[in-house]
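Excluded from the calculations below are hydrogen atoms, water molecules and symmetry mates; all remaining heavy atoms, backbone and side chain alike, are included.
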Amino acid sequence: MIATGLDRLLAEVSQLGGRKYGVLAHAAAVTQGLRPIHLALAEAGQPPAVLFAPEHGFYAVEQDMVPSADQRDPWSGAPVLSLYGDDVASLRPSPLAFAGLDLLVIDLQDVGARYYTFAATAVWAAEAALAAGCEVWVLDRPNPLGGAVIEGNLPEPGFESFVGAFRIPVRHGLTLCELVRLQALRERWPGQPRYWTMSGWRRDLLWSELERPWIAPSPNMPSFATAVVYPGMCLMEATEFSEGRGTTRPFLLAGAPGVDAVRLATRLSGRELPGVCFLPTLFKPQFQKHGGEICAGVELAVTEPGSVAGYRVGIEVLEAFLEVSPEVFAWRDAPYEFVSDRPAIDLLSGGSALRAALESRASSNTRDWVETWRADERAFAVERRDALLYPEHA
């Protein structure tokens, strides 16, 4: 049984005595006994003075790219300040947000993919708090995908965004504390957060091996299986195909009206991608892309989560859609996470190379690009070592 950073802090909660502090967290920041962080701390006699909310809000109720408003916590009465508003400036808290506080406690469940925005919020909030003279404590949680596997390319300069804030591979194999520590080392922060590490966690452990229930950190991350395929299936957000938002199986479904589902599933099954199967399917999103329409496409069934190369799966799915339904295929052209001057697919993939390879309609070009990941993965594996808080195993 592991103990998270929050579990360990509660065992030493007297360290919060006399502190006026804020908590940056969300719905998945719960104790081993499944108590929300702010309620558990209050019950231990150390209630936070203010709560900070990342994208999706403190209670993980808002859909993607929907601003969350400042409010009051209905259970404790504490003010909740949003760090995800209606413009890019809202993503980085002002030093004024920490007025009167002497400590910021950060506890955010990440899912181990570069696109997931909680890591950027954690880093930027920590930077702002330290600059405002606040101490920062980061409470660690498991990377659901483990800490051993690194997959994907490093983003190119000029493609930074909220869904690609740091120069890390898509699947980085870091915990939240390690990711914050990496950025602190890279940027040579004058002050350093305190990292509350876990006990009992190893880099080779997947979430399914932890004996902890899955609590959704955001509305469209309802299961561990979703997290397994998310490093690749998030790429569907950059197209006009539905990625399953508006259904009960986001990122495990992909499709659109007019797709030949049987041919698509056959094409993908023939690739023999380990750990995942593709079923032809019909589904009807209730909102977002193709809301209220019958979509044809594929459902992903995760059979061996430890074998899934999630990023590669998503690229294979994109390539298959382009091959089977070129007349339906279209890239998203609407602004994406406050960026309107670069395609969403370039922001997610960290450059224009994937888009160019797919548009060439030559599978060899896509495979050649995937092969370039290896050098990036090796370089990152070396760089991240100074930031690791849990040992690597041979």
Side-chain angles (χ1 to χ4, degrees), residues 26 28 54-56 60 62-66 83-84 88 91 108-124 143-145 149-156 158-176 178-180 182-183 216-239 241-245 250-252 254 288-289 300 308-318 331-332 334-339 342-355 373 376-377 380:
H26 56 191
E55 185 179 10
H56 309 294
E62 302 292 357
Q63 290 295 320
D64 64 309
M65 291 181 275
V66 174
L83 299 184
Y84 189 84
V88 70
L91 305 179
L108 294 167
Q109 177 64 63
D110 192 41
V111 298
R114 184 172 71 208
Y115 330 118
Y116 216 50
T117 60
F118 297 141
T121 297
V123 168
W124 294 341
N143 183 328
L145 306 181
V149 175
I150 298 170
E151 184 190 11
N153 58 301
L154 295 169
E156 299 172 19
F159 291 89
E160 299 83 3
S161 71
F162 196 38
V163 291
F166 311 120
R167 198 165 187 270
I168 56 178
V170 170
R171 185 171 169 184
H172 47 71
L174 298 175
T175 67
L176 184 70
E178 291 175 331
L179 214 160
V180 173
L182 175 67
Q183 288 305 117
S218 59
N220 292 290
M221 195 60 62
S223 69
F224 169 56
T226 313
V228 171
V229 301
Y230 179 76
M233 294 305 292
C234 183
L235 297 173
M236 299 303 296
E237 291 186 7
T239 73
F241 292 101
S242 169
E243 66 275 9
R245 292 183 189 272
F251 301 109
L252 293 167
Q288 290 205 6
K289 288 184 281 187
L300 282 67
V308 177
Y311 192 28
R312 181 61 185 269
V313 165
I315 291 167
E316 293 283 354
V317 170
L318 281 177
W331 296 116
R332 175 194 179 104
Y336 186 64
E337 291 292 3
F338 308 111
V339 178
R342 283 158 293 169
I345 187 61
D346 292 6
L347 297 176
L348 289 170
S349 63
S352 59
L354 173 60
R355 177 167 53 87
W373 298 356
D376 284 357
E377 291 164 354
F380 183 72

So which atom in [X] and which in [Y] form the shortest heavy-atom distance, rounded to 0.1 Å?
| X | Y | answer |
| --- | --- | --- |
| K289 | T239 | NZ-O, 2.8 Å |
| A227 | P231 | O-CD, 3.3 Å |
| L348 | A238 | CD1-CB, 4.0 Å |

Result for side chain to side chain contact (heavy atoms under 4.5 Å, CB included) between P250 and one of P219, P222, S242 points to P222
Residues 158-172, side-chain donor-acceptor partners within the protein, below 3.5 Å, at least two apart:
residue, atom, partner, partner atom, Å
E160, OE1, G158, N, 3.1
E160, OE2, G158, N, 3.3
S161, OG, V163, N, 3.2
S161, OG, G164, N, 3.4
R171, NH1, V308, O, 3.4
R171, NH2, L145, O, 2.9
H172, ND1, L174, N, 3.0

Inset, instruction - Give the intermediate values and the outcome of side chain to side chain contact (heavy atoms under 4.5 Å, CB included) for residues I345 and L318. - result: CA-CA 11 Å; I345 187 61; L318 281 177; 4.2 Å; yes
Can you tell if the side chain of [X] reaches within under 4.5 Å of the side chain of [Y], non-hydrogen atoms only?
| X | Y | answer |
| --- | --- | --- |
| L182 | F380 | yes |
| W124 | L91 | yes |
| L108 | H26 | yes |
| E243 | L235 | no |

Nearest 0.5 Å, what's the [atom1]-[atom2] distance between [X] and [Y]?
| X | Y | atom1 | atom2 | result |
| --- | --- | --- | --- | --- |
| L347 | E237 | CG | CD | 11.5 Å |
| R114 | C234 | CZ | SG | 10.5 Å |
| F251 | M236 | CZ | CE | 10.5 Å |
| Y84 | F338 | OH | CZ | 4.0 Å |

Please identify each residue that fulfils side chain to side chain donor-acceptor pair (under 3.5 Å) with [X], with sequence neighbours left out.
| X | answer |
| --- | --- |
| S352 | none |
| T117 | E55 |
| Q109 | none |
| D346 | R355 |

Sequence neighbours left out, what passes salt bridge (Lys or Arg N to Asp or Glu O under 4.0 Å) with [X]? Give chain and number order.
| X | answer |
| --- | --- |
| D64 | R245 |
| E178 | R203 |
| E151 | none |

So the side chain to side chain donor-acceptor pair (under 3.5 Å) pairs with at least one residue in residues 217-232 (sequence neighbours excluded) are Q63-N220, Y116-S218, S223-T226
Quiz item: Can you say whether the rings of Y311 and W373 are parallel (under 30°), tilted (30 to 60°) or perpendicular (over 60°)?
Solution: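 Because their plane-to-plane angle is under 30°, the rings of Y311 and W373 count as parallel.
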**Q.** Any donor-acceptor N/O pair, D110 side chain to L176 backbone, under 3.5 Å
**A.**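 The answer is no, because no donor-acceptor pair under 3.5 Å joins these two groups.
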Sorted by chain and residue number, the side chain to side chain contact (heavy atoms under 4.5 Å, CB included) partners of A60 (sequence neighbours excluded) come out as A27
